[in-house]
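Inspection log for the structure reproduced underneath, given as structure tokens.
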Protein chains: 2
Amino acid sequence: MGRKIINNPNSCSLVHAMNIIGGKWKPIIIYLLANGSLRFGKLLLFIPTISKKVLTDQLRELEEDRLIIRTKFAEIPPRVEYSLSEKGETLLPVLKALSNWAIDSYQEINFEMCKIIEL
Amino acid sequence: MGRKIINNPNSCSLVHAMNIIGGKWKPIIIYLLANGSLRFGKLLLFIPTISKKVLTDQLRELEEDRLIIRTKFAEIPPRVEYSLSEKGETLLPVLKALSNWAIDSYQEINFEMCKIIEL
DNA sequence: AATAGTGGTAACCAAAAGGTAACTTATGGG
DNA sequence: CCCATAAGTTACCTTTTGGTTACCACTATT
């Protein structure tokens with residue numbers, strides 16, 4: 001049986017998507033930004049177990065992949081707001097589908113036990 | 001402004017889904033199994049840069065999360081076949097949506113450059 | 001008696017990801 | 001003059017993930 005090498009855009013683009021949203025806190029950040037922009041400090045409060053450095057790293061990567069937009073105001077003390085880009089918005093229904101899949105497929109897990117802090 | 005702790009099943013189930021499909025080779029394995037069951041050795045051939053140990057690890061985790069089924073035949077030399085479970089099948093449309101999102105959102109990337117070996 | 005074929009394990013190592021704590025910058029307020 | 005504040009950065013450390021190589025078990029074939 002001869003193997004042949006073929007193009008497989010599906011699995012490749014999927015791997016790319018996983019690289020983009022696969023960071024430990026990225027889906028949470030995207031969900032928090034779904035309802036509007038948030039300042040750095042608020043994100044820190046809403047994700048109580050993340051550290052400044054890691055939050056910064058994740059935000060930078062999301063920005064680099066153009067899922068979020070960082071707006072810096074020329075104020076002292078500094079003010080920075082993060083919001084979803086258009087590209088980020090288009091990801092929401094896909095993440096919703098993934099979330100629903102997990103809820104349906106692992107009904108024995110009580111996902112309500114997971115708490116996140118919100119406004 | 002007072003924070004309150006709320007249940008957030010969405011982001012939690014999403015994190016769970018990411019844990020399940022987030023392994024480096026898992027989306028590829030799932031895509032390869034989408035067209036029918038494959039033996040261990042075939043998977044090794046089709047993913048030329050994976051090692052036996054890592055393939056074993058990924059398959060074990062997918063099995064533990066009940067996305068794939070491992071069928072061992074009592075033959076010498078051994079024969080083991082891996083196939084998608086029903087749960088694994090229901091994941092396919094979601095992965096497809098994620099793949100399409102990446103293709104649409106990052107049109108500047110040529111995902112066809114990514115090659116995978118197939119039958 | 002030696003070898004091939006299949007699906008692994010075991011011991012070990014390297015790289016990436018994530019985490020901690022202290023420090024920085026600039027300005028207004030006491 | 002000192003402190004607080006927001007949004008970081010820096011140096012360092014730990015954990016997780018992925019990777020390499022050698023080895024094993026069992027039988028049929030040469």
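Everything numeric in this text was worked out from a predicted model, so none of it was measured. Proteins come first, then strands; the chains are lettered A, B, ... in the order of their sequence lines, and each starts at number 1.
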Using the side-chain heavy atoms of B:V80, tell me which of these nucleotides is nearest: D:dT9, C:dG8, C:dT27.
C:dG8
Which one, D:dG19, D:dG8, C:dT6, comes nearest to the side chain of B:V54?
D:dG19
Starting from the 5' end of DNA chain C, give me the residue, B:G41 or A:I50, whose nearest nucleotide shows up first.
B:G41
Rounded distance (Å) that lies between atom P of D:dT5 and atom CG of A:L44:
15 Å
Figure out the CG/C1' separation between A:L55 and C:dT20, and round it to whole Å.
15 Å
Residues of residues 15-26 of chain A with a heavy atom under 4.0 Å from any atom of DNA chain D, listed by number, are none
Kindly give the heavy-atom pair with the smallest separation between A:L98 and B:A17, and that separation in Å.
CG-CB, 3.8 Å
C:dT9 phosphate, OP1 or OP2, under 4.0 Å from B:R60 side-chain N/O:
yes
Which of these nucleotides, D:dG19, C:dG5, C:dT20, is closest to any side-chain atom of A:S51?
C:dT20
In short, B:I21 meets B:L67 closest at the heavy-atom pair CG2-CD1, 4.4 Å
Kindly indicate, with the supporting measurements, whether the criterion ring-ring contact (aromatic ring centres under 6.0 Å, His included) is fulfilled by A:Y106 and A:W101.
CA-CA 8 Å; A:Y106 297 89; A:W101 172 81; 5.8 Å; yes
Quick one: the side chain of A:K52 and the base of D:dA7, do they pair up donor-acceptor inside 3.5 Å?
yes
To the nearest angstrom, the CZ-P distance between B:R79 and C:dG7 comes to 9 Å
From CD of A:E75 over to C1' of C:dG28, roughly how many Å is that when rounded to an integer?
13 Å
Carboxylate-amine/guanidinium proximity below 4.0 Å for B:R66 and A:E108
yes
With a 6.0 Å cut-off (strictly less than), is the heavy-atom count around CD of A:E86, excluding the residue itself, greater than 12?
no
Figure out the NZ/P separation between B:K72 and D:dA25, and round it to whole Å.
14 Å
Can you figure out which of D:dT10, D:dA7, C:dA10 approaches the side chain of B:K53 most closely?
C:dA10
So, is A:Y82 close to the D:dG8 phosphate, meaning a side-chain N or O under 4.0 Å from OP1 or OP2?
yes
Quick one: are B:I47 and B:L32 in side-chain contact, heavy atoms under 4.5 Å?
yes
Spatial distance of atom OH (B:Y82) from atom CG (B:L43) [nearest 0.5 Å]
8.0 Å
For A:F73, which contact category applies under a 4.0 Å heavy-atom criterion: base, sugar-phosphate, or nothing?
nothing
Separation between CD of A:E89 and OG of A:S83, rounded to the nearest 0.5 Å:
8.5 Å
Rounded distance (Å) that lies between atom C1' of C:dG18 and atom CD1 of A:I29
13 Å
At under 4.0 Å between heavy atoms, what does B:Q58 touch on the DNA or RNA strands: base, sugar-phosphate, or nothing?
sugar-phosphate
Nearest nucleotide by nearest heavy atom, which residue falls closer to the 5' end of DNA chain D, A:R70 or A:I76?
A:I76
Assign A:E81 to base, sugar-phosphate, or nothing according to its heavy-atom contacts below 4.0 angstrom with the strands shown.
nothing
C:dG19 P sits how many Å from A:I47 CD1, rounded?
11 Å
Under 4.0 Å from OP1 or OP2 of C:dT6: is there any side-chain N or O of B:R39 that close?
no
To the nearest angstrom, how far is B:D57 atom CG from D:dT20 atom P?
13 Å
